[in-house]
Protein chains: 2
Amino acid sequence: MTKKKPHHHGNLRAALLEAGLELLHDGGLENLSMRKLASKAGVSHAAPAHHFANQTALHSGLMTEGYKMFTVAMQSEIKLAPNDPREIILAAGRGYLTFTQENEGLFNLMFGGTPRDHDDAELNKASEEAYNVLREICVPIVKGEGGSEANELMIWSLIHGLARLVLHSKRDTINAEKSFETWRLILPPLEFAT
Amino acid sequence: MTKKKPHHHGNLRAALLEAGLELLHDGGLENLSMRKLASKAGVSHAAPAHHFANQTALHSGLMTEGYKMFTVAMQSEIKLAPNDPREIILAAGRGYLTFTQENEGLFNLMFGGTPRDHDDAELNKASEEAYNVLREICVPIVKGEGGSEANELMIWSLIHGLARLVLHSKRDTINAEKSFETWRLILPPLEFAT
DNA sequence: AATAATAACTTGACAGTGTCAATATCAATG
DNA sequence: CATTGATATTGACACTGTCAAGTTATTATT
């Protein structure tokens with residue numbers, strides 16, 4: 001039996017991801033660097049290279065964590081919602097908004113155009129799972145000309161766009177506190193199958 | 001009469017912005033740097049500092065150009081549209097999508113969470129003008145519970161979200177070529193005042 | 001158990017980055 | 001013509017990601 005005990009403090013990879021999330025949370029995307037990461041985890045500046053081939057790989061790893069948190073945020077709001085298809089969609093949106101507002105830096109990393117490793121299996125799995133949450137809450141919507149895909153895209157675009165705009169104009173138009181209400185207001189009428 | 005002939009090649013500031021847009025167009029946000037910018041404009045690495053106090057100021061300048069292009073892209077599509085409120089909204093969206101797909105790097109800079117100078121008067125003016133285009137095309141929509149602001153936010157979120165998702169999954173779900181059709185499909189039914 | 005092999009980490013170097021201070025040069029004004 | 005102020009250059013600094021080489025710790029082999 002092979003005991004995997006990498007000779008640092010258990011699992012450096014996890015510690016690095018943790019440190020990265022912390023940096024993002026503190027100072028946003030601009031505050032994230034491999035060397036700070038390493039320093040925060042208490043290792044030398046080149047240590048991360050053994051767990052993340054390059055910066056893109058590290059970013060992909062952090063995105064993976066982001067999608068997981070994302071999925072959880074939506075699901076836990078859905079659990080609290082009354083058993084009504086529209087209420088469930090509204091709840092998922094609240095989860096989305098909560099996540100983006102509590103993790104602005106990570107959100108920017110995930111959806112700001114930062115290059116990612118498209119062959120990262122974990123990342124692809126995590127993002128797919130997040131998309132599946134969305135897919136499920138859209139099932140009850142009656143299909144129109146564009147089929148269920150158009151419904152999903154409509155909901156996804158709407159909530160993603162709102163989340164971005166809320167972050168984008170924290171000081172202006174859209175009040176972050178009232179973003180839940182705004183979400184309820186802009187979600188168009190939907191027809192559900194009975 | 002004062003001939004303003006700064007002793008380089010006319011107007012370095014404009015040349016720097018041009019070079020910046022080119023860098024963004026070629027290699028995306030990751031390809032943009034002040035030193036490349038300077039080199040591309042044929043000046044020393046510290047020359048830009050006299051026209052842009054720091055990187056944020058440069059970014060703000062590029063964003064300003066982006067919003068201007070943005071406004072033009074929407075307006076020129078609107079001009080071609082039949083005089084029907086829904087068709088006009090669809091046209092503006094096509095302009096939005098065209099801009100984002102032809103200027104991915106600039107779009108990422110504008111909406112990827114990159115810090116900006118919130119006191120930059122030109123930037124604020126340019127972004128406001130872009131928002132005004134949106135506001136105008138939403139005027140014919142009958143106001144609901146959220147007033148006209150909710151209508152604007154709905155359209156804005158929807159098209160912005162779609163644009164991001166199209167860029168985000170160029171290779172996957174959403175076909176960039178068919179993004180116009182997708183936009184038509186996900187725009188919900190709207191009620192217009194007669 | 002001793003030794004070899006492999007993985008994890010460190011150290012040092014390199015080119016590239018934004019920014020600042022000091023210097024030089026040009027354009028226009030007195 | 002001399003002064004002045006804006007404009008650009010040069011050089012330095014700390015910081016970044018990445019690579020090569022060396023060191024240490026863990027695992028595997030004989």
Side-chain angles (χ1 to χ4, degrees), chain A residues 1-20 22-24 26-63 105 108-109 112-117, chain B residues 1-20 22-24 26-63 105 108-109 112-117:
Chain A
M1 124 169 163
T2 56
K3 276 197 189 169
K4 279 196 185 172
K5 190 155 184 213
H7 81 301
H8 187 251
H9 44 31
N11 190 346
L12 180 55
R13 193 191 135 97
L16 289 170
L17 288 175
E18 188 79 19
E22 222 169 297
L23 287 170
L24 282 172
D26 290 359
L29 196 42
E30 274 65 30
N31 194 40
L32 180 64
S33 86
M34 305 209 74
R35 287 175 106 108
K36 281 190 199 163
L37 207 75
S39 160
K40 197 146 202 160
V43 293
S44 77
H45 67 264
H50 289 263
H51 300 271
F52 302 99
N54 49 38
Q55 204 177 18
T56 299
L58 169 72
H59 286 162
S60 301
L62 289 168
M63 292 177 190
N108 287 337
L109 176 68
T114 306
R116 66 179 61 196
D117 181 1
Chain B
M1 116 168 156
T2 57
K3 277 197 187 169
K4 279 195 185 173
K5 189 155 186 214
H7 81 300
H8 187 250
H9 43 31
N11 190 346
L12 180 56
R13 194 191 134 97
L16 289 170
L17 288 175
E18 187 81 18
E22 221 169 297
L23 286 171
L24 282 173
D26 289 358
L29 196 43
E30 272 66 29
N31 193 40
L32 181 65
S33 87
M34 305 209 73
R35 289 175 106 108
K36 280 190 200 163
L37 207 76
S39 161
K40 197 146 200 158
V43 293
S44 77
H45 68 263
H50 289 264
H51 301 272
F52 302 99
N54 49 37
Q55 204 178 19
T56 299
L58 169 72
H59 287 161
S60 301
L62 289 168
M63 291 177 191
N108 287 337
L109 177 68
T114 305
R116 66 179 61 195
D117 182 0

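Just so you know, these numbers use all the heavy atoms, side chains as well, and skip hydrogens, waters and symmetry mates. Source: prediction; values computed, not measured. Order of the sequence lines sets the chain letters (A, B, ...), proteins ahead of strands, with each chain counted from 1.
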- Message: Looking only at the side chain of Lys36(A) (C-beta and beyond, no hydrogens), which of the listed nucleotides dT16(D), dA8(D), dT17(C) gets closest?
- Response: dT16(D)
- Take the protein atom CG of Leu23(A) and the nucleotide atom C1' of dG17(D), then report the distance between them rounded to whole Å. 15 Å
- Minimum-distance nucleotide (side-chain atoms of Ala46(B) versus dC9(C), dT10(C), dT9(D)): dT9(D)
- Item | Leu24(A) and Asn31(A), any side-chain heavy atoms less than 4.5 Å apart | no
- Query: Are more than 12 heavy atoms from other residues, nucleotides or ligands located less than 6.0 Å from atom CD of Glu18(A)?
  - Reply: no
- Message: What is the separation between atom CG on Leu12(B) and atom P on dT25(C), rounded to the nearest whole Å?
- Response: 19 Å
- Counting any heavy atom closer than 4.0 Å, what does His45(A) reach on the DNA or RNA strands: base, sugar-phosphate only, or nothing? base
- Task: Check the distance between dT17(C)'s C1' and Glu30(B)'s CD and give it to me in whole angstrom.
- Result: 14 Å
- So how far is it from Met34(A) CE to Ser39(A) OG, rounded to the nearest 0.5 Å? 13.5 Å
- For Glu30(B) and Thr114(A), work out which heavy atoms get closest and say how close. OE2-CA, 4.4 Å
- Could you tell me whether Ser44(B) contacts a base, only the sugar-phosphate backbone, or nothing, with contacts defined as non-hydrogen atoms closer than 4.0 Å? base
- Rounded distance in Å - CG (Asn31(A)) to P (dT16(D)): 9 Å
- Looking at DNA chain C, which of residues 52-61 of chain B put a heavy atom within less than 4.0 Å of it? Asn54(B), Gln55(B)
- Can you measure from CG (Leu58(B)) to CE (Met63(B)) and round to the nearest 0.5 angstrom? 9.5 Å
- Atom pair CG/CG of Leu62(A) and Leu37(A) - distance to nearest 0.5 Å: 7.0 Å
Going by atom type alone, with no hydrogens or angles, which donor-acceptor pairs under 3.5 Å involve a side-chain atom of residues 45-57 of chain B and a protein atom two or more places apart or on another chain?
{"from": "Asn54(B)", "atom 1": "OD1", "to": "Thr56(B)", "atom 2": "N", "distance (Å)": "3.3"}
{"from": "Asn54(B)", "atom 1": "OD1", "to": "Ala57(B)", "atom 2": "N", "distance (Å)": "3.0"}

- Nearest-Å distance for atom pair CE/P, residues Met34(B) and dT19(C): 6 Å
- Mind calculating the distance between NE2 (His50(A)) and C1' (dT24(D)) to the nearest angstrom? 12 Å
- Message: Taking atom types as they are modelled, would you say the side chain of Arg35(B) forms a donor-acceptor pair with the base of dT19(C) within the 3.5 Å cutoff?
- Response: yes
- If you check every side-chain atom of Ala47(A), which of dT10(C), dT17(C), dT9(D) has the closest atom? dT10(C)
